[in-house]
Amino acid sequence: GALLGAALGTFDLRLPYLAFATACAVAAGLAWTLPEPSHDAVAPSPRAAAATWVQLLRTDPVLRWGLLAEVALLVLVHIPYELYQPWLRGALGTEDLAITTSGALAAGAALVGAWAAGQVGPLRHHLSAEAVMVLSLATLTGICGLMAWAQAPWLLPVVLLRSAPEALATPALRARLHPRLPSSLRATWWSIQSLAGRAAFAIVLWTGAVWAGGTGSDAVARLFAGAAVLSAVLTALVAWARAPSEPGSG
């Protein structure tokens, strides 16, 4: 899909959006055919679910840490994910080459992320979920720092790593939090975490646009420099606020 979108974009930048809309229509049709599983439990009212959610946050330090970590991860993952194309334009020098290469990089990053997700199981034998999360956020700090330092083709392998931190951290985090959530509240919990993270990213994106103050290579460098500082602060905050360790973990 990434490679096809890049190929279509070399002809007309509207074509990838048209292809995406077509894929969404097909997906919606497939989703409509999915049956709802039978269940006897009665879903709580929105007010009751909200009250339970707040109570869990008040009483469970692991869930409070998990909310902070998830929001930090979503914000930091999306910075190199959403903004690497203007960086790529500066690295390669031409718009057409950046469009074509961005598709290949998106495909490559997805493959690297898939490989990284497969390492979570062995890694968790040696590190707690908290340590995996801090390691992932620290990696994002390094990625943003390197992208701020230079816009050059020899740094393209760094862009390939942008999906790996999320691929490592998300399974470890959810395995840590999943048993602590009642089944009637899990979907609501993850939805609120996603909403909070996206709202935080929107604020960061707006702030970054003001901070960058332009659209050229210098603005991109300032944007990633600010992202690296923010990433370092959030990494330190998540490490400082880390949840109580799991039994038997280091």
Side-chain angles (χ1 to χ4, degrees), residues 1-6 69-93 97-175 194 197-198 200-201 204-205 208 212 217 220-239:
L3 294 173
L4 177 61
E70 180 78 7
V71 170
L73 179 67
L74 195 148
V75 168
L76 298 180
V77 160
H78 276 75
I79 291 172
Y81 179 77
E82 302 288 356
L83 302 176
Y84 81 100
Q85 285 190 325
W87 180 91
L88 196 59
R89 190 183 304 118
L92 299 179
L97 187 57
I99 292 173
T100 305
T101 307
S102 67
L105 284 174
L111 291 173
V112 172
W115 175 84
Q119 311 311 307
V120 175
L123 190 63
R124 290 282 283 111
H125 289 299
H126 305 284
L127 297 176
S128 66
E130 290 77 11
V132 173
M133 175 60 70
V134 172
L135 175 64
S136 298
L137 296 180
T139 301
L140 286 167
T141 302
I143 291 173
C144 290
L146 287 171
M147 294 178 76
W149 177 48
Q151 297 175 52
W154 54 270
L155 274 177
L156 292 183
V158 173
V159 183
L160 288 176
L161 297 175
R162 62 183 173 82
S163 294
E166 183 180 26
L168 284 173
T170 299
L173 179 66
R174 298 204 170 181
S194 177
R198 293 174 192 281
F201 177 65
V204 169
L205 200 61
S217 294
V220 172
R222 284 195 298 272
L223 188 62
F224 276 102
V229 173
L230 174 65
S231 184
V233 170
L234 289 177
T235 302
L237 184 60
V238 170

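The figures that follow rest on heavy atoms only: side chains count, while hydrogens, waters and symmetry mates do not. One-based numbering along the sequence shown.
In this structure, A172 and V132 approach most closely via the heavy-atom pair CB-CG1, 4.0 Å. Contact between V120 and A167 at its shortest, heavy atoms only, is CG2-O, 3.6 Å. Of all non-hydrogen atoms in M147 and W87, the two that sit nearest each other are O-NE1, 2.9 Å. Counting all heavy atoms, side chain and backbone alike, A169 lies closest to L73 at CB-CD2, 3.8 Å. Residues A109 and V159 come closest through the heavy atom pair CB-O, 4.3 Å. Residues V112 and L160 come closest through the heavy atom pair CB-O, 3.6 Å.
Annotation: the span from T235 atom OG1 to L135 atom CG amounts to 10.0 Å, rounded to 0.5 Å. Here the straight-line distance linking atom CG of L146 with atom OG1 of T141 works out to 11.0 Å at 0.5 Å rounding. In this structure, the separation between OG1 on T101 and CG on L92 is 5.0 Å, given to the nearest 0.5 Å.
Take S136 and apply the side chain to side chain donor-acceptor pair (under 3.5 Å) test, not counting sequence neighbours, and it matches no residue. Residues meeting the side chain to side chain donor-acceptor pair (under 3.5 Å) test with R198, sequence neighbours left out: S194. Checked against side chain to side chain donor-acceptor pair (under 3.5 Å), S102 has the following partners two or more places apart in sequence or in another chain: Q85. Applying the side chain to side chain contact (heavy atoms under 4.5 Å, CB included) rule to A228 yields the partners C144; only residues at least two apart in sequence or on another chain are considered. Under the side chain to side chain contact (heavy atoms under 4.5 Å, CB included) criterion, L234 pairs with A72, L76, L230, not counting sequence neighbours. Residues satisfying the side chain to side chain contact (heavy atoms under 4.5 Å, CB included) test with A221, not counting sequence neighbours, are Q151. Every residue meeting the side chain to side chain contact (heavy atoms under 4.5 Å, CB included) condition with A225, not counting sequence neighbours, appears here in chain and number order: A148.
Residue pairs meeting the salt bridge (charged side-chain N to carboxylate O under 4.0 Å, His left out) criterion with at least one member in residues 163-174, sequence neighbours excluded: E70-R174. Sequence neighbours left out, the pairs with a member in residues 130-152 that pass ring pair (Phe, Tyr, Trp, His ring centres under 6.0 Å) are W149-W154. The salt bridge (charged side-chain N to carboxylate O under 4.0 Å, His left out) contacts involving residues 73-91 comprise R89-E95, where partners must be two or more places apart or lie in separate chains.
Only one option out of L140, V75, I143 pairs with S231 in a side-chain contact (heavy atoms from CB on, under 4.5 Å); it is L140.
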Start with the C-alpha distance between I79 and F224, add both sets of side-chain angles, then the distance that settles side-chain contact (heavy atoms from CB on, under 4.5 Å), and finish with yes or no. CA-CA 8 Å; I79 291 172; F224 276 102; 4.2 Å; yes
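No side-chain heavy atom of L161 sits under 4.5 Å from any side-chain heavy atom of T139.
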